[in-house]
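Notes follow once the structure below has been shown.
All values below come from the heavy atoms of this structure, side chains included, with hydrogens, waters and symmetry mates left out. It should be emphasised that the depicted structure is a prediction, and the values quoted were computed from it without experimental measurement.
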Amino acid sequence: MRFVDDDLLTIGVFAARARLSAKALRLYDRLGLLAPAYVDPVSGYRYYRAGQIERARTVALLRRLDMPLAVVAEVLAAAEPRGAERLAAYWADVEARFAAQRTLAAFLRARLSGRSAEMYEKFAVETVDVPAQMVLCEKRHVLADELPTWIGASLGRLEAAARECGGVAGAPFVVYHSDVSMDSDGPAESCVPVADEAAARAWAERQGRARDTTVRVEPARRLAYARITKSQVVFPQILAAFEAVEAWVGTRGLAYDGPCREVYFADWEAAGPEDPVCDVAFPVK
């Protein structure tokens, strides 16, 4: 075997030294994460160099973080220090997801132990009469993990358009025409009240079918609502607020008069975690 030198290792020896299985090494090769130094063209045997052990161990350690193989490839391909930065960004997302799941678990423990009423008590429910409004709208089917990004982007687009239609004439709001969760995609509808009906209809006509944008009259409604802070907008705290309003409506024998909504009345970017920013509401009659 003329190609063999002292630095080449069989896949079995390399796997043992790298603390990986031969099966994992074949997978990493197929995905372009760790190619053999040499593949025998006749037998197909894979050979590695000792200098590849550190990379192999790095791949294995990244996988112990439950890092998807595509992200592992990004980390390995990045020049220093960008690989570390990509890892930090991935781990920040993991910690945020775990924090959200921890909060959700606490919410579910309260519900399953029959203590839902205790959660609802921290929300004060009131009613308000809202007059009819001309609104610019953007509707989209969206899942729960996409919702925060879409709400911010869609309201930003509509508020920019409203400046061409006499200005924003009321608090922007988001209507949920059906459930939005990890398994259900609504749709949801972002709405921005405007002052100039003629300009709004002209704007909608220019948009055509882009982003499913429309202009319509939102009828006068009485809303039962709970005011929440910026930190409470995060799921599942906002779910508890909606349920608190539903419980309040039920105890008073009221009927629903349209889909639920979130009304954003404050400057989101300027608001702190404990500042009121949103009303979660149900139209009632």
Side-chain angles (χ1 to χ4, degrees), residues 68 89-90 92-108 111 119-120 123 133 135-162 168 170-193 207 209-216 218 221 223-246 256 258-283:
Y90 166 77
D93 288 342
V94 171
E95 290 186 321
R97 185 171 68 251
F98 285 163
Q101 290 175 329
R102 188 181 305 113
T103 303
L104 177 57
F107 173 81
L108 290 170
R111 171 178 285 179
M119 295 188 296
Y120 301 159
F123 299 105
Q133 303 175 94
V135 293
L136 302 180
C137 307
E138 181 179 320
K139 186 182 290 187
R140 179 174 169 180
H141 287 275
V142 59
L143 294 172
D145 58 347
E146 306 166 319
L147 187 61
T149 299
W150 175 76
I151 288 176
S154 61
L155 289 180
R157 287 189 289 268
L158 293 173
E159 287 174 345
V168 177
F173 57 97
V174 177
V175 178
Y176 296 99
H177 294 280
S178 188
D179 182 51
V180 174
S181 67
M182 296 304 294
D183 303 313
S184 177
D185 63 354
E189 183 182 32
S190 289
C191 303
V192 173
Q207 304 311 303
R209 298 182 62 83
R211 298 186 186 278
D212 200 7
T213 52
T214 58
V215 58
R216 64 178 175 81
E218 172 71 8
R221 297 186 186 278
L223 300 180
Y225 71 95
R227 183 150 293 182
I228 60 176
T229 65
K230 188 173 182 178
S231 64
Q232 291 172 324
V233 172
V234 179
F235 183 87
Q237 290 93 322
I238 195 168
L239 180 59
F242 272 114
E243 291 185 357
V245 179
E246 287 181 297
Y256 294 105
C260 63
R261 59 203 57 208
E262 298 164 9
V263 183
Y264 292 93
F265 55 81
D267 184 337
W268 181 267
E269 296 301 328
E274 302 310 313
D275 291 332
V277 296
C278 175
D279 293 335
V280 296
F282 287 85

F123/V280 under side chain to side chain contact (heavy atoms under 4.5 Å, CB included): CA gap, chis, key distance, verdict: CA-CA 10 Å; F123 299 105; V280 296; over 6 Å; no

What closest approach, in Å, do [X] and [Y] show between heavy atoms, and which atom pair accounts for it?
X    : Y    : answer
Y90  : P68  : CE1-CD, 3.7 Å
F173 : L155 : O-CD2, 4.3 Å
S190 : V174 : OG-CG2, 4.0 Å
E138 : L158 : N-CD1, 3.8 Å
A224 : V245 : O-CG1, 3.4 Å
E262 : C278 : CB-SG, 3.8 Å

Given side chains that start at C-beta, do those of [X] and [Y] come closer than 4.5 Å, heavy atoms only?
X    : Y    : result
L143 : M182 : no
R216 : C137 : yes
Y256 : E246 : yes
P283 : R261 : yes

Rounded to the nearest 0.5 Å, what separation is found between the [atom1] atom of [X] and the [atom2] atom of [Y]?
X    : Y    : atom1 : atom2 : answer
H141 : E146 : NE2   : CD    : 12.0 Å
S231 : I238 : OG    : CD1   : 11.0 Å
L147 : S181 : CG    : OG    : 10.5 Å
R111 : E243 : CZ    : CD    : 4.0 Å
L136 : C191 : CG    : SG    : 9.0 Å
E189 : T213 : CD    : OG1   : 11.0 Å

Side-chain ([X]) to main-chain ([Y]) donor-acceptor, under 3.5 angstrom:
X    : Y    : value
R227 : Y225 : no
T229 : E274 : no
S184 : D179 : yes

Side chain to side chain contact (heavy atoms under 4.5 Å, CB included) between V142 and D185, worked out: CA-CA 5 Å; V142 59; D185 63 354; 5.7 Å; no

Parallel, tilted or perpendicular: ring planes of F242 versus Y176, cut at 30 and 60 degrees: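 Rings of F242 and Y176: perpendicular, over 60°.
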
